[in-house]
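Per chain, numbering begins at 1; letters A, B, ... match sequence-line order.
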2 protein chains.
Amino acid sequence: MNLRDLRYLLAVAEHGHFGRAAEACGISQPTLSVQLRKLEELLGVTLFERASKSVVPTAACERLIGHVRTAVAEADTILDVARSLRDPLAGRFRLGIIPTLAPYLLPLVFGPLRDALPALAVEPWEDQTAALLDRLRAHDLDAALLATEADGPDLAGLALFTEPFLAALPPDHRLAGRDTVSEAELAGDMLVLSDGHCLRDQVLAACGAPGGGSQGGPLGGTLRAASLSTLLNMVAAGYGTTLIPGLAAGVAQDAGLVLRPLSTPAGRTIRIVHRASYPRRVAAEAVGGVIAGRLRHFAAP
Amino acid sequence: MNLRDLRYLLAVAEHGHFGRAAEACGISQPTLSVQLRKLEELLGVTLFERASKSVVPTAACERLIGHVRTAVAEADTILDVARSLRDPLAGRFRLGIIPTLAPYLLPLVFGPLRDALPALAVEPWEDQTAALLDRLRAHDLDAALLATEADGPDLAGLALFTEPFLAALPPDHRLAGRDTVSEAELAGDMLVLSDGHCLRDQVLAACGAPGGGSQGGPLGGTLRAASLSTLLNMVAAGYGTTLIPGLAAGVAQDAGLVLRPLSTPAGRTIRIVHRASYPRRVAAEAVGGVIAGRLRHFAAP
DNA sequence: CCGGTTCGATAGATCATGACTATAATGTCA
DNA sequence: TGACATTATAGTCATGATCTATCGAACCGG
């Protein structure tokens, strides 16, 4: 059975006249007659009683026509809804963001995103890299802002900006007077984030430690801060030093910390990552573009 | 847009696998791929995100799929309802019957009709010939039992049985002793029905009067009985004589009348009449057949 | 690292069918 | 009866749905 034929049926029922119904459908009268007869044969029911001057729906047709109207209306609804979904820069856009980035980036880009992509409802989701990758692969996220490379051929990423790592010191720290600080000098009393934060691994790597393992070696003692905010407060309280990403500089200074560039600059590159097969790639690229544009002055040397 | 393609969409959504979905649809996998891509192009929306080991509905697909299910379900409903309507010997059958026939015929045939055509809901409608013809032509009746020929090329009729006219006399009438009665002898004090009853015209014609006109001539005086029942009671009360159709004989005898055959037999033929274009002709013929079978012993010579 | 497997996409051939034009058949009306 | 209106039929054509065969990419086990 064909939706087209159902539309023909409705046209004949409406006009009570094959010729005018055919005209309304944009087809010739013989085509309408043939198709309607086929439909009648398919259904096994005579739909219209044709007399010389009248075409009247049969009782069977009356019983069916409500369902026919519903089916055709629903098909039209499908087309309408599809039309409204056609714009890739519209609809929900679930964006994962790592915790060491979200609090400092979102306030900067939320407004510009709303302005540049008003139809796109960006919904941030904050979690650590591994969890975001899981959700991304499970189609629970459209994209994620990560500080690591896309970690498989099923994912694709686009670099947006690079933020430098800065040494964060208590004001009374012995290195606070320097213009630049070397990582080796920091290593002795450096505090790091808890496992799972990519920033932890990157900071350890920058300081020459064997990154990744849960064993921090000589670094950081027993402290494993759950959030960058906690870490900053610990440093401000004089428990040690740390490295922070550039975007957190404002908050760190507000907390009373002294920030110094590293003598051998290091940093991390923020990427927007999505599934390689993600069909709304343009949306991800548009979001990335807006963020990159807003963050251009952080571009790495 | 095609219902077939919508079914394909549902199959892919259900199986998450093109090959198995194609098998479920009874088509080859390439056909499914091509048709689904065409649907996506028509809608302007990507429906599934294809990756190497997964086929996942997009957000757009999730928004659409409810409507798709509804449309397909409604189409299936159309097929189901049509199947249930396929039997022409089922459903309502609105049957017009003239007033001089209905009270005497219906008690005889209602049971047999229910037995022979249990799925056919015969709904009697009692009115005079002209009104029945109007309703028939207006598609308000499926058929009518009339005592006249089908009166136009747009109608078709089937003779069912013939009932003789009988002279109905008061028991003390001067002719009550005869074996047969001639129409001429009756004419003097014959009572007739009011205008519109076909029986009136036929009785007048049988008695040699110029039938049809509202002017009864010497016949019937001023009495114009509205129903055969009234007429019988008037005759029983001694106000005159009349001719009655054979099926009313039982009731007439119960009313105490003397019935006598006519010396030159006359009668009327009952037909089932329907529109020439009526699509359930078999239902009309089946109803007619049951009635004719029940009335076979009334068959005219 | 490599051959086998899985799975969707593509190409080309085939065939069903929806569409057209022209015409017939039928009933209506003057 | 002839002119008109209306639906049905016949014949032809083009679109498009389907098939088989094959490709390409990703994954997997040795």
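A salt bridge does not link R92(B) with E62(A): every distance from a Lys NZ or Arg NE/NH1/NH2 to an Asp or Glu carboxylate oxygen is 4.0 Å or more.
Taking 4.5 Å as the limit, some side-chain heavy atom of F161(B) sits within range of a side-chain heavy atom of L105(B). The shortest side-chain heavy-atom distance between T100(A) and R268(A) falls under the 4.5 Å cut-off. Within the 4.5 Å cutoff, side-chain heavy atoms of E126(B) are placed close to those of P99(B). Residues L133(A) and L155(A) form a side-chain contact, since some pair of their non-hydrogen atoms from C-beta on lies under 4.5 Å apart. At a threshold of 4.5 Å between non-hydrogen side-chain atoms, the residues D5(B) and L42(B) do not count as touching.
Here the P atom of nucleotide dC20(C) and the CG atom of L32(A) are 10 Å apart, to the nearest Å. Nucleotide dG18(C) holds its P atom 13 Å from the CG atom of L36(A), rounded to whole Å. Rounded to a whole Å, the CG atom of L3(B) is 15 Å from the C1' atom of dA17(D). Rounded to an integer number of Å, the gap from R37(A) CZ to dT7(D) P is 12 Å. Distance CG (D5(B)) to P (dA17(D)): 7 Å, rounded to an integer number of Å. Look at OH on Y8(A): it is 7 Å from C1' on dG18(C), rounded to the nearest Å.
Shown here are the salt bridge (charged side-chain N to carboxylate O under 4.0 Å, His left out) partners of R137(A), two or more places apart in sequence or in another chain: D151(A), D154(A). Listed by chain and number, the residues in a side-chain hydrogen bond (donor to acceptor under 3.5 Å, both in side chains) with T77(A) amount to none (sequence neighbours excluded). E149(B) pairs by the side-chain hydrogen bond (donor to acceptor under 3.5 Å, both in side chains) definition with R271(B), not counting sequence neighbours.
Nearest-nucleotide positions on DNA chain C place S33(B) closer to the 5' end than the other of V34(A) and S33(B). When the nearest nucleotides of DNA chain D are assigned to K38(B) and P153(A) by heavy-atom distance, the more 5′-ward of the two goes with K38(B).
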Evaluate D134(B) against D127(B) for side-chain contact (heavy atoms from CB on, under 4.5 Å), listing each step before the verdict.
CA-CA 11 Å; D134(B) 285 349; D127(B) 211 329; over 6 Å; no

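Against DNA chain D, the stretch residues 132-140 of chain B makes no heavy-atom approach under 4.0 Å. Of the residues in residues 39-59 of chain A, those lying under 4.0 Å from DNA chain C by heavy-atom distance are S52(A), K53(A). Non-hydrogen atoms lying under 4.0 Å from DNA chain C are contributed by G26(A), I27(A), S28(A), P30(A), T31(A), all within residues 11-31 of chain A.
The backbone N or O of A90(B) lies less than 3.5 Å from a partner atom in the side chain of R280(B), making a donor-acceptor pair.
At the phosphate of dT17(C), neither OP1 nor OP2 sits under 4.0 Å from any side-chain N or O atom of R4(A).
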